[in-house]
Number of protein chains: 2
Amino acid sequence: MRDVAARAGVSTKTVSRVFNDDPHVLPATRALVEQAMRDLNYVPNVLATTFRAGRASVIGVAVPDIVDPFFAAIARAIEDTARARGLSTMVTSLGDDPADERPAIESMLGRQLTGLVIAPVGTDHSWLQRWREHTPIVFVDRAPVDLETDTFTEADESGAYTAVEHLIARHGHRRIAYIGDIVHLSTETKRLEGWRRAQRAAGIEPDEALVQSHVSDRLAAAGALDRLRALPDPPTALFSANARSSMALAHVLRDDPVPFVGFGDFPMADTLAPSVTVIDQDPRRLGRLAAERIFSRLAGGAQDGDVFTVLDVRLVERESCRVGRRD
Amino acid sequence: MRDVAARAGVSTKTVSRVFNDDPHVLPATRALVEQAMRDLNYVPNVLATTFRAGRASVIGVAVPDIVDPFFAAIARAIEDTARARGLSTMVTSLGDDPADERPAIESMLGRQLTGLVIAPVGTDHSWLQRWREHTPIVFVDRAPVDLETDTFTEADESGAYTAVEHLIARHGHRRIAYIGDIVHLSTETKRLEGWRRAQRAAGIEPDEALVQSHVSDRLAAAGALDRLRALPDPPTALFSANARSSMALAHVLRDDPVPFVGFGDFPMADTLAPSVTVIDQDPRRLGRLAAERIFSRLAGGAQDGDVFTVLDVRLVERESCRVGRRD
DNA sequence: TTGTAGGCGTTATCAT
DNA sequence: ATGATAACGCCTACAA
C-alpha cells in the first residue's frame, strides 16, 4: 500500500479511501491511485484489515460430519448466504465423541468470527454463554443443552407423529419399532416422543422394548433387527429416527423388506427398491435461516431476544411403507 | 494481554513467553502469569498473531460442491489432517460455472492461507502462477489447465479401461455407450480415452455416436438414454464416467435396467437393485495426501519440484454389469 | 530470566 | 479533499 501511495504521489490513507469507495476523493486522484494499484497489482492484506477490524469476515460452521449430505446441505446454504455478503466460511466436523466438541468449537471462536452456526453433538453447552458476548451463535437442527440462544430446528415431534400415525392409520400397523442413534440429542428425544404420542392417540400403549438406539451403521442395524425379531411379539413396521439409521436399515432390509418410514430424506432413497418413505426436511432452508439470523443480530436484531424457530416437515410417501407384511 | 501482565506484575512479553511455552521463564513467574490468565480468562487474539505472522493458520479447500459426498470426503480428510497440526479449514463450493472459479479462489488466496487444495471446474489456471509464490497450491482429482503444480489424481484412463474391458471380456458387450458430464475436465477426457482404448484392444472401433455428455441430472440422463435407444444400432451396455451421472442413470434405469458400470462409488450404490458395479476411488486418501503435500512444501519439500501422483482405483463388481440384456 | 522498542498493514481521528 | 499520527495485539531483536 505504501508503494502504491508513493507511486501515485499520495498518502496511504488516500489509497485506503480509494479502496473503500470513500466518496471524498477527487476523480483525478482516484484514477491516479487506481492506475498505480494496477501497475503494482496491489492486493490488500486481508489479514491486516481483519486485525484492524477486530473481527474476521468469516462464518464458522460446526457440524457432526460434513460428509453427511444433510449437514453438507446446511453448510452449503450458509456458505452461499455468507458469500453473497462477502464473507467466507470455515467448516469443522465435530465427530461422534461429545467430548471433542468443546475444543473444536473453541478453536473456531478464538478466531473472532463474525458468527458461528452449530449442529451439536455434545451434552452441555453452558460454556458457550461467555462466548456469546463476542460472537452471535446459532444452533441448527439440534437444540443446545443448558443454553439459551437462537435455534432453528425441524418439527421433530410432529414429524415423527405423522410418520408413525401414517403406519398406523393408513397401513394398519400396531407394533411399530423405533430405530434411533444418539439418544441424548434433542432431535432423537423429540422424535421418540412423537412415536409415543402417535401410538397413544391410536389407543396403543408404546412398548419400550421396541426402542432400539445406537444404530449408526449397518452392523448395528442388523443387530437391532435381530433383537426385534426375537421378541415374543415382534414389530410389523419400523420407524427410523434419522437418515443415518435409515440408510443402514435400508441396506439390511434389502432382501427382506419390512414396512418402514424414515425421518430425513437421503441420497437415492427414491431409487431403492422399495423406495423409502420419509419425513422430508429442508436443510438448505435451515442453513439459510441460520446465516441470516447472524446477520440480523449483527444489525442489532438482538433486541427481540433469542428466537426458537421450528420448521415444518412433510411426509413423502414412497413404497417402503406399504411393502408386503412379514409373518 | 496487557491486563494479564499488569495483574501478574510482569511485562507483556513475559505473558507472551508463558503462552508460547518459552523455557526461559521461572516456574514462579509462570505460575503467577497463569493465575492471572485464569482470573481474567484471557484468550489470545488469534487475529493479531496471524497478522504478525503474515500467514493465516488455515488450509483452503475449493471443490465443485461440498454436498457431493466425494468432495465432502476429500474436504473431511484435509480437515482431519490439518487439525492434527493445529490448522483450521476454509471451504468454498465453486459451483458449475467455470467463470465463477477464479474470483472464488482468489478471495481465499487473498487471506494468506497456509495452503490451498483445489478440485477445479475451470478451463484455465495459468493465472494461479503468480499466487504460487506465496501459497502452496495442490490440485486433487482433476488436473490443472495451463499450470504446473502438485497434483493428485486417480487412474482415470486405466480405471475406465478396466470398466469397459470388464463389460467386453466378461459380459460379451460390443456396443458400450459413454455417459459423461463436463467434457473439458481432465477426469472426463482421460476416462473417455480409456473407453476408446478398451474397445480398440478388443478390436472394436469406438463409435463416437455412443458418447453422451452433459449428463448432470436425471432429466439429462433420460434424454441421453432416449438418444442412444434411437440409434440404428443402440448400445447394449453403459459406462458412466462419474458418480453424478451414475446416480442420475441409476434412477432412470430403475424400472428398466441396462448393463452398467460407473466410475466412482456413491451412497447406496450397493443397496440399489441391481446394485451398481463401480470403479472405486479413495477420496479420503486423495485429501490426506494433498494436505500432507502442503506441509512437506512448507517444510522445504519444494526442492523436488512438482509431484504428479496418480492413485490406483479398483473395480468393485456388483450386480448392474450383469443384468439381463435389453436389445 | 526479564524488559524495552519497534513494526507487521490497515484505518479512525483530527487537522489542514 | 487530503494527510499526519496513532493504534489494533502480538512477537522478534536486542538490551539489561
Side-chain angles (χ1 to χ4, degrees), chain A residues 1-37 40-58 86-88 107 109-114 133-135, chain B residues 1-37 40-58 86-88 106-107 109-114 131 133-135:
Chain A
M1 181 153 125
R2 248 199 285 281
D3 300 341
V4 175
R7 188 174 236 273
V10 299
S11 76
T12 59
K13 177 66 220 186
T14 301
V15 177
S16 166
R17 274 196 259 260
V18 170
F19 229 91
N20 298 293
D21 289 318
D22 187 316
H24 299 284
V25 182
L26 286 180
T29 314
R30 178 180 300 277
L32 212 59
V33 173
E34 281 170 346
Q35 184 56 50
M37 294 198 307
L40 278 57
N41 59 64
Y42 163 70
V43 179
N45 184 327
V46 184
L47 262 35
T49 311
T50 280
F51 167 58
R52 187 63 175 59
R55 201 135 281 290
S57 50
V58 173
L87 305 195
S88 299
S107 96
L109 283 164
R111 289 172 184 273
Q112 326 258 71
L113 305 170
T114 295
E133 294 153 27
H134 307 293
T135 310
Chain B
M1 183 153 125
R2 248 200 286 282
D3 299 342
V4 175
R7 187 173 237 273
V10 298
S11 75
T12 59
K13 178 65 230 188
T14 302
V15 177
S16 166
R17 274 196 257 262
V18 171
F19 229 90
N20 298 293
D21 289 318
D22 187 317
H24 300 284
V25 183
L26 285 181
T29 315
R30 179 179 300 276
L32 213 58
V33 173
E34 280 170 346
Q35 185 55 51
M37 295 197 307
L40 278 57
N41 58 65
Y42 163 71
V43 180
N45 185 329
V46 183
L47 263 35
T49 311
T50 280
F51 168 58
R52 184 66 172 60
R55 203 136 280 290
S57 50
V58 173
L87 305 194
S88 299
E106 284 191 321
S107 95
L109 284 164
R111 289 172 185 274
Q112 325 260 72
L113 305 170
T114 296
W131 290 100
E133 295 153 28
H134 307 293
T135 310

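Chain A is the first sequence line, chain B the second, and so forth, proteins listed ahead of strands; every chain is numbered from 1.
- Contact annotation for B:Thr29: backbone-only contact, meaning every heavy-atom pair under 4.0 Å involves sugar-phosphate atoms and none involves a base.
- Between the P atom of D:dG9 and the NE2 atom of A:His134 lies a distance of 12 Å, rounded to the nearest Å.
- The only option from A:Thr29, A:Leu26, A:Leu32 that meets the side chain to side chain contact (heavy atoms under 4.5 Å, CB included) definition with A:Thr14 turns out to be A:Thr29.
- Of the candidate nucleotides C:dT10, D:dC11, D:dG3, D:dC11 has the atom nearest to the side chain of B:Arg52.
- Taken to the nearest 0.5 Å, the CG atom of A:Asn45 stands 4.5 Å off from the CD atom of B:Gln112.
- For A:Leu32 and D:dT2, the CG to C1' distance is 13 Å, given to the nearest whole Å.
- Using a 4.0 Å heavy-atom distance criterion, A:Arg2 is classed as a sugar-phosphate-only contact.
- Rounded to an integer number of Å, the gap from CG of A:Asp22 to P of D:dT2 is 10 Å.
- Between the C1' atom of C:dC8 and the CG atom of A:Leu47 lies a distance of 10 Å, rounded to the nearest Å.
- Remark: C1' of C:dT10 and CG of A:Asn20 are 9 Å apart, rounded to the nearest angstrom.
- When each of A:Lys13 and A:Pro23 is assigned the nucleotide of DNA chain D bearing its nearest heavy atom, the one mapping closer to the 5' terminus is A:Pro23.
- For the pair A:Asp21 CG and C:dT11 C1', the computed distance is 15 Å after rounding to whole Å.
- Atom CZ of A:Phe19 is separated from atom P of D:dT2 by 18 Å (rounded to the nearest Å).
- Minimum atom distance to the side chain of B:Met1 is reached by D:dC10, of the listed C:dT2, D:dC10, C:dT11.
- Mapping B:Phe51 and B:His24 onto DNA chain C by nearest heavy atom places B:His24 at the nucleotide closer to the 5' end.
- Taking CZ of B:Arg111 as the start and OG1 of A:Thr49 as the end, the distance is 10.0 Å to the nearest 0.5 Å.
- Closest approach to the B:Ser16 side chain among D:dG3, D:dC11, C:dT10 is made by D:dC11 (side chain taken as heavy atoms from C-beta onward).
- Taking 4.0 angstrom as the limit, A:Ser11 places none of its side-chain polar atoms (N or O) nearer than this to OP1 or OP2 of D:dT2.
- B:Asp22 places no side-chain N or O within donor-acceptor distance of the main-chain N or O of B:Val18, the cut-off being under 3.5 Å.
- Rounded to whole angstrom, the span from the CZ atom of B:Arg17 across to the C1' atom of C:dG3 amounts to 7 Å.
- Going from atom CG of B:Asp3 over to atom OG1 of B:Thr12 covers 11.5 Å, rounded to the nearest 0.5 Å.
- The residue A:Tyr42 sits close only to the backbone: its heavy atoms come under 4.0 Å of sugar-phosphate atoms, none of a base.
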